[in-house]
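One structure is given here, and the rest of the page talks about it.
Reckoned from all heavy atoms, side chains included, excluding hydrogens, waters and symmetry mates. Fair warning: this is a prediction, and the values are worked out from it, not measured in the lab. First the proteins, then the strands, lettered A, B, ... as listed; each starts at 1.
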Amino acid sequence: MINPYEVLGVREGTSKEDIKKAYRELAKKYHPDQYGDNPLKDLAEERMQELNEAYDSLMKNHNSSSSYSSNTEYNSSNNYGAKSSDDYSNNNIYQSVRMDLNSGNIPSAEQKLGTMSTKTAEWNFLMGMVHLKKGWHDSAYNFISRACTQEPNNIEYRRSFNELNQRTSNYRDNYYGKRNNDAGMGNMCLNLWCADSICECLGGDLISCC
Amino acid sequence: MFGYVTPCKMEMKIKDYEKFKAYYCGLCRSIKSNFGNLPRVTLNFDMTFLAILLDSLSDSKYNFIEFKCLVHPLKKRLMINNNEALDYAAFCNITLAYYKLMDDAQDNKTIKSKVSSMFLKNYLPKPNRLANSNPLENNTATYNKLAYNEVMDYTKDKIQLLNTFEAHNKDMSIDEHLSIDELSDVFADLTGFIISFYYKEAPFKEDLYWLGYNLGKWIYIIDAYDDLEKDMKNNEFNAINSLINNDKLDFESFSTLVKPRIDFLLSTCAQQCLKHLNNLPLIKNEDILYNILELGLMEKMDKVLNGKSDVYNLKGVEYKNDKSL
């Protein structure tokens, strides 16, 4: 097995904090998501895998040897599997962004999202929500629709996206509806008149006054 | 860029239409008495909407008078007189028109805008003159003086900012381009500021601001779309063309491509205006305001985006192949 310290580019015996820092730096650099369809993506994926393994094994060692209380961090990152151990800290940020959004602290939410380098579906969704609150509807629409493409099965994203479209179509219907109603009334009168004429032709009378 | 916020006349009651006209004439008169005769040419419908909106939140009674208008000398008309909201709208009208002209003069260096901005400069609000027009109420006069200065400074800053954004956009690479939201934010914020400034102590200030914000954005974008063909032909800055048309398409293909996006943006803004109007404690003019924000904006969008005329709204009128049946 490759030396995990080498993979992360740190010296043996480095503190846990430094390992984490080094890992984050490298993960940012090699995260496959940012490569798109670039052929480098595969290479990045491979490298990411190595990083994750090295990080995990080092963290395990640290946990057994030292009495750091942040077991949870390791456990959670493990839960998310080898995809990215960044996820845990990301989720923490997402949580606080959601709290900011609820309390109306938009600048803080935007600033937090701005510092993140991995643009997951949730990131796009939350950024969309921030822009929606700022009244920036065009970019909000783009962010939320991107979140929907990234995670098509997420109900929350889908619902927000539909709401966006619903709002405008309701508003539009109000205007077009008035016109259509008018036309409907016109048609009804015309139909009645026709019916009346036909009845009169046949000797009867549907509307007596005309 | 003004004159897009109009009522949907076909759906209006006669009394509301008359009231709207009375506000319009009142605004014209207020410009005359506060600033002079010449600036009356800058009179526009958007500012009439501003006056109606602000007045709808105050419990003052309508003060109608009959008068004869010089432009239409034969008929007697109604107008609203002695109304604070109208005076404020008149002041905003002149301020905006002046800074917009100044901006154009720097931009295009056309003789027309240069001359008009020079002319208008003499008429620019002089706080003292405003104060004198109201000798009985000394307190409000000094308040007006300060307040009006604040609005003027804010307008100046924002229009200048918009101008630098527009000018610098040419030199930027595509990655650095502002988004359409970022650019229109400047004018939107200015509109929000102007509208909510009049009631800056009131609890409904936020709703007024957001109504103004969305309306300002709507105006900025519909104006850009309306001018798209002209600007593309003359190779002038156009918010939509310069920010979105990255592939340098020609007008025909670009306008069809971008239309759904603009349509979405405009109707969202309009819908938001209506939403915030619903939150306001309106005392009068409800029908006019709802007519404008619910139907008037849609009608304008229909006209600008799809090229449909107002007549289309009439009962039973149907068009096929551009010919009336």
Side-chain angles (χ1 to χ4, degrees), chain A residues 34 36 103-107 110-111 113-114 117 119 124 127-146 148 160-194, chain B residues 8 10-11 178-185 188-189 191-192 206 209-218 221 239-240 243-244 258 260-276 290-291 293-302 305 308 312-318:
Chain A
Q34 61 195 342
S103 63
N105 192 351
I106 309 300
E110 190 175 16
Q111 195 244 330
L113 288 172
S117 58
K119 312 247 186 298
N124 276 314
M127 203 56 167
M129 284 318 199
V130 167
H131 279 221
L132 210 55
K133 287 260 158 87
K134 288 202 314 184
W136 292 21
H137 309 119
D138 184 56
S139 46
Y141 186 88
N142 287 340
F143 278 123
I144 293 175
S145 79
R146 208 174 300 153
C148 283
S160 307
F161 187 68
N162 289 343
E163 251 168 48
L164 277 183
N165 289 316
Q166 197 62 40
R167 291 202 306 201
T168 57
S169 68
N170 281 349
Y171 179 78
R172 237 183 277 261
D173 285 350
N174 194 12
Y175 172 76
Y176 290 116
K178 270 214 163 71
R179 278 172 28 179
N180 289 340
N181 276 346
D182 279 356
M185 281 303 284
N187 273 339
M188 201 177 79
C189 290
L190 197 70
N191 291 343
L192 270 178
W193 177 68
C194 284
Chain B
C8 176
M10 297 301 181
E11 294 286 348
L178 295 166
S179 72
I180 186 105
D181 285 318
E182 255 172 310
L183 183 65
S184 56
D185 180 78
D189 175 64
T191 320
E206 281 287 297
Y209 174 83
W210 284 108
L211 198 168
Y213 183 93
N214 282 292
L215 193 65
K217 185 165 175 163
W218 185 89
I221 288 171
I240 295 173
L243 300 189
I244 301 179
V258 83
R261 191 167 163 188
I262 300 299
D263 197 11
F264 169 80
L265 193 49
L266 287 176
S267 24
T268 311
C269 287
Q271 183 265 346
Q272 290 289 306
C273 289
L274 189 64
K275 187 186 127 199
H276 290 288
Y290 277 100
N291 175 291
L293 292 186
E294 248 181 326
L295 307 170
L297 297 186
M298 269 303 295
E299 188 181 56
K300 261 293 170 331
M301 280 160 59
D302 227 16
L305 292 168
K308 284 180 187 165
Y312 205 75
N313 283 321
L314 272 177
K315 209 177 190 173
V317 175
E318 234 177 276

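- Here NE2 of A/His137 is found 4.5 Å from CD of B/Gln272. Values are rounded to the nearest 0.5 Å.
- At least one donor-acceptor pair closer than 3.5 Å links the side chain of B/Asp181 to the backbone N or O of A/Asp138.
- In this structure, chain A has no heavy atom under 4.5 Å from any part of B/Ile244.
- Neither the backbone nor the side chain of B/Lys275 comes within contact range of chain A, judged by heavy atoms closer than 4.5 Å.
- Between the CG atom of B/Leu266 and the CZ atom of A/Arg172 there is a distance of 9.0 Å, given to the nearest 0.5 Å.
- Taking both residues in full, the closest heavy atoms of A/Lys133 and B/Trp210 are given as O-CH2, 3.9 Å, listed atom of the first, atom of the second, then distance.
- Residues A/Tyr175 and B/Glu299 approach most closely at OH-CA, 3.4 Å, considering heavy atoms.
- In this structure, the portions of B/Phe264 lying under 4.5 Å from any heavy atom of chain A include both its backbone and its side chain.
- At a 4.5 Å heavy-atom cutoff, A/Asn170 makes no contact with chain B through either its backbone or its side chain.
- Atom CD of B/Glu182 has more than 12 heavy atoms from other residues, nucleotides or ligands within 6.0 Å.
- Of all non-hydrogen atoms in A/Tyr171 and B/Ala270, the two that sit nearest each other are OH-CB, 3.3 Å.
- Contact of B/Gln271 with chain A is made through backbone and side chain together, with heavy-atom distances under 4.5 Å.
- Atom OH of A/Tyr141 sits about 11.5 Å away from atom CG of B/Leu265, to the nearest 0.5 Å.
- Taking NZ from A/Lys134 and CG from B/Asp189, the interatomic distance works out to 12.0 Å, rounded to the nearest 0.5 Å.
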